[in-house]
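Take a look at the structure below.
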Amino acid sequence: NGFLAARDESGDPLKAFCYSFVQSMVDSLLFRKLIVTCPHCGEFMIVREGKKYCSRDVEGKDCGKKARNKAYYQNHREECQVRMRKDMKDLREFRKSLKLKKEWGLLKQPLQPKIQSTEKKEKMKN
């Protein structure tokens, strides 16, 4: 996938040969049904029984989770939008209250973190 994505049309005959060789191998693997394209991202993946999407363990990305999340959102769009609007409204109110507290001087910034040396800790234990 990475090699085919990095394809350039520089006109270099060696690069053109390499890309055509890899493309012919991909076509052969597709014909023998050893690889398929992921319906979510469109990249190639190894065929396994029951596998529909790219997996995090093999291909390094989790297209199945993204596809399930997208399907859930499509089926529950109104509920999700109401929840997201409420969460965004609450977040804006919280940030506004923090800003006002800072302006009024009610919110003090923390000083340097208090770090005790090992000597002080040992004295405190004794």
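We count residues from 1, following the sequence as given.
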Heavy-atom neighbours of Met88 CE exceed 12 at 6.0 Å: no

Distance (rounded to the nearest 0.5 Å) between Cys18 SG and Gln23 CD: 13.5 Å

Within one Ile-Leu-Val-Met-Phe-Trp-Tyr cluster: Val26 and Leu34, side-chain cutoff 4.5 Å: yes

Val36 with Met25, same ILVMFWY side-chain cluster at under 4.5 Å: no

Distance, nearest 0.5 Å, that separates NZ of Lys61 from OG of Ser55: 10.5 Å

Heavy-atom side-chain contact between Arg95 and Leu91 under 4.5 Å: yes

Under 3.5 Å donor-acceptor, Ser28 side chain and Ser24 backbone: no

Value rounded to 0.5 Å, distance of OG in Ser97 from NZ in Lys102: 10.5 Å

Value rounded to 0.5 Å, distance of CZ in Arg83 from CD in Glu79: 8.0 Å

For the student: nearest non-hydrogen atoms of Tyr53 and Pro39, plus distance: CE2-CG, 3.6 Å

NZ on Lys51 to SG on Cys38, rounded to 0.5 Å: 9.0 Å

Within 6.0 Å of NZ in Lys65, more than 12 heavy atoms from elsewhere: no

Verify same cluster id: Tyr19, Val22 (apolar side-chain graph, 4.5 Å): yes

Crowding at CD1, Ile46 (>12 non-hydrogen neighbours, <6.0 Å): no

Salt-bridge contact Asp62-Lys66 (side-chain N to carboxylate O under 4.0 Å): no

